[in-house]
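The chains referred to below are lettered A, B, ... by the order of the sequence lines, with proteins before strands, and numbering in each begins at 1.
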Number of protein chains: 2
Amino acid sequence: MAETHATTTPRERYRAQVRAEIKERAWEQIATTGASALSLNAIAKQMGMSGPALYRYFASRDDLITALIRDAYRSLADACRLAAEAGPGPDLAALAHALRGWALADPQRYFLVYGTPVPGYHAPEDTTAITHEIMTLMLDACAALPPSGPASPFDAHLADHRAWTGDHPAPPAALHRALSFWTRLHGLLSLELAGHFTGMDFDPAEMYAAELDALLAG
Amino acid sequence: MAETHATTTPRERYRAQVRAEIKERAWEQIATTGASALSLNAIAKQMGMSGPALYRYFASRDDLITALIRDAYRSLADACRLAAEAGPGPDLAALAHALRGWALADPQRYFLVYGTPVPGYHAPEDTTAITHEIMTLMLDACAALPPSGPASPFDAHLADHRAWTGDHPAPPAALHRALSFWTRLHGLLSLELAGHFTGMDFDPAEMYAAELDALLAG
DNA sequence: GCAGGCCGTGATAGCTTCTCACCCAAGCTT
DNA sequence: AAGCTTGGGTGAGAAGCTATCACGGCCTGC
């Protein structure tokens, strides 16, 4: 990120490598026990180090989790961007497919981004930039769809409250569709990953496809 | 619940009262610091007791949280039932309004029910009965709506996978609508309560109303 | 009135995050 | 090439947490 020289110093390389390994172990631990049970001590023991040694690399447990959240956002944005750039043009279905794949690949990672927030915690500034990047991909895909149906009252509301799009040229109906895309698919994924569909015998993937179809139809 | 005599013994009354006060303090603490930071020690100190005293009333921290989750489910079901029984017949809009009111009244309580699950934790048996009760209210309201639009492929899937409704007579399209009602409104509420709409200048209440309108329209 | 059971306490074990003082080695500078 | 600075690692320790145990004392039911 902030490189003074083209080649980093050995110390910086080593530091980056250790930081990466700490995050690696943290992800393994989170995937099995959840983020709330993440233990710096356990990570240090796994790496053959003593507990306080980790504090040379992350100022606190919250600092480590913040780094993980940041990486998760980045990973999601990359997955979405990859899906968006795969086809000839913006493709909402591809975006939806990528989102579901990313979520199912590591549910706890999804919950780290979209799950229960800790009341005191405030996300760092750059994550909002990444969410904006993801939102732009959704807006692009929605703007490319043919308009359908009459304008709803909420479309009119959005026409007056579109500062969050950052000068995106999409019409209000596309804004509405992008928001619905986000909230509906999140609702489905969130309940599925939390296990609220277990015991119900329908296929969540089929409902996901149905919800996407409804979104595309308008 | 399981009363052997009409009048409980003084000991049982005292025990129930202390248990209720513990849960009261726990709710206050959860509302401000979240469920993951709930501390039995802090509750005991607030009540002027020593730490281990609480273990006479709840076997463990998880046991207390389980009781809170159970109460939250019960509270949600009661709020839904109250809204459903207020009007002349089943009313999906009233149900949606009650759901949103219940969620906004205590966001952490909502997250306790629908938020990030703890990987090891398994909900007790009776909560599934309460979710079934809530689902029945939604199915009743959806069955009362006029059918609209052609049957989707997912409707056909639901016709073959409807064991989770427990012999509810609603047609597949109503099943689909009830599921969409649940997942879409949850998606909206979950993102709003988690603060993912802060910084965006549109009104979540208006989008909630728009999503409800779309649900009612078909 | 009395005995039994329940409630609360202090002590204790084991875990956690996190701070501090110290040591040592790697690397940059002269 | 030698020395000094910088930064990594360790052990000890404080403060907090959950949870268990043995021990007193009050309340309750008989």
Problem - Atom-to-atom span, CZ of B:Arg19 to P of C:dC6 - whole angstrom - result: 15 Å

Handout entry: Side-chain N or O of A:Asn41 closer than 4.0 Å to phosphate OP1/OP2 of C:dC15
Key = no

Practice task
Round to the nearest Å and state the distance from A:Lys45 atom NZ to C:dT16 atom C1'.
Solution key: 11 Å

Completion exercise
Heavy atoms of B:Ser39 and B:Gln29 approach each other most closely as N-NE2, 2.8 Å

Fill in the blank from the handout: Whichever of A:Asp62 and B:Met49 has the more 5' nearest nucleotide on DNA chain C, that residue is B:Met49

Completion exercise
Judged by nearest nucleotide, the residue sitting upstream toward the 5' end of DNA chain D, B:Thr9 or B:Ala42, is B:Ala42

Problem - Contact under 4.0 Å: A:Tyr57 side-chain N or O vs D:dG9 OP1/OP2 - result: yes

Practice task
Can you tell me the distance, in whole Å, between the CD1 atom of A:Ile65 and the C1' atom of C:dT17?
Solution key: 12 Å

Exercise for the section: Find the distance B:Arg13:CZ to C:dC6:C1' and express it as a whole number of Å. Expected result: 18 Å

Exercise for the section: Ignoring hydrogens and angles, answer whether the base of D:dG9 and the side-chain atoms of A:Arg56 contain a donor-acceptor pair closer than 3.5 Å. Expected result: yes

Exercise for the section: Using the six-membered ring wherever Trp is involved, compare the ring planes of B:Tyr110 and B:His186 and label them parallel, tilted or perpendicular (cut-offs 30° and 60°). Expected result: parallel

Problem - Closest non-hydrogen atom pair, A:Ala174 against A:Leu139 - result: O-CD2, 4.3 Å

Practice task
Starting from C1' on C:dA26, measure out to CD on A:Gln17 and report it in whole angstrom.
Solution key: 16 Å

Practice task
For A:Arg11, report the nucleic acid contact type (base, sugar-phosphate, nothing); a contact means any heavy atom under 4.0 Å.
Solution key: base

Problem - Touch class at under 4.0 angstrom, heavy-atom based, for B:Leu38 against every strand present - result: sugar-phosphate

Exercise for the section: Report which part of the nucleic acid B:Phe58 touches: base, sugar-phosphate, or nothing (heavy-atom distance under 4.0 Å, all strands). Expected result: nothing

Handout entry: Spacing of A:Glu12 atom CD relative to C:dA26 atom C1', expressed in whole Å
Key = 15 Å

Practice task
Could you check whether B:Pro10 gets within reach of a base, just the sugar-phosphate, or nothing at all, counting any heavy atom under 4.0 Å?
Solution key: sugar-phosphate

Problem - Nearest-neighbour nucleotide for the B:Leu40 side chain, C:dA11, C:dT19, D:dT18 considered - result: D:dT18

Exercise for the section: Please state whether the phosphate of C:dG8, meaning OP1 or OP2, lies under 4.0 angstrom from any side-chain nitrogen or oxygen of B:Tyr14. Expected result: yes

Practice task
Would you please confirm or rule out a distance under 4.0 Å between OP1 or OP2 of C:dT16 and any side-chain N or O of A:Ser39?
Solution key: yes

Exercise for the section: Let me know the distance between CD of A:Glu21 and C1' of D:dG8, rounded to the nearest Å. Expected result: 15 Å

Problem - Residues B:Tyr121 and B:Thr66: side-chain donor-acceptor under 3.5 angstrom - result: yes

Practice task
Take atom CG of B:Asp63 and atom P of D:dT18, then tell me their distance rounded to the nearest Å.
Solution key: 14 Å

Problem - Nearest-nucleotide pick for B:Arg15, side chain only, options being D:dT10, C:dC7, D:dT18 - result: C:dC7

Problem - salt_bridge(B:Arg100, B:Glu192) N-O dist < 4.0 Å - result: yes

Practice task
Taking only the side-chain nitrogens and oxygens of A:Arg61, find out if one of them lies under 4.0 Å from OP1 or OP2 of C:dC18.
Solution key: no

Exercise for the section: Output yes when A:Glu24 and A:Arg19 qualify as a salt bridge under the 4.0 Å nitrogen-oxygen rule, no when they do not. Expected result: no

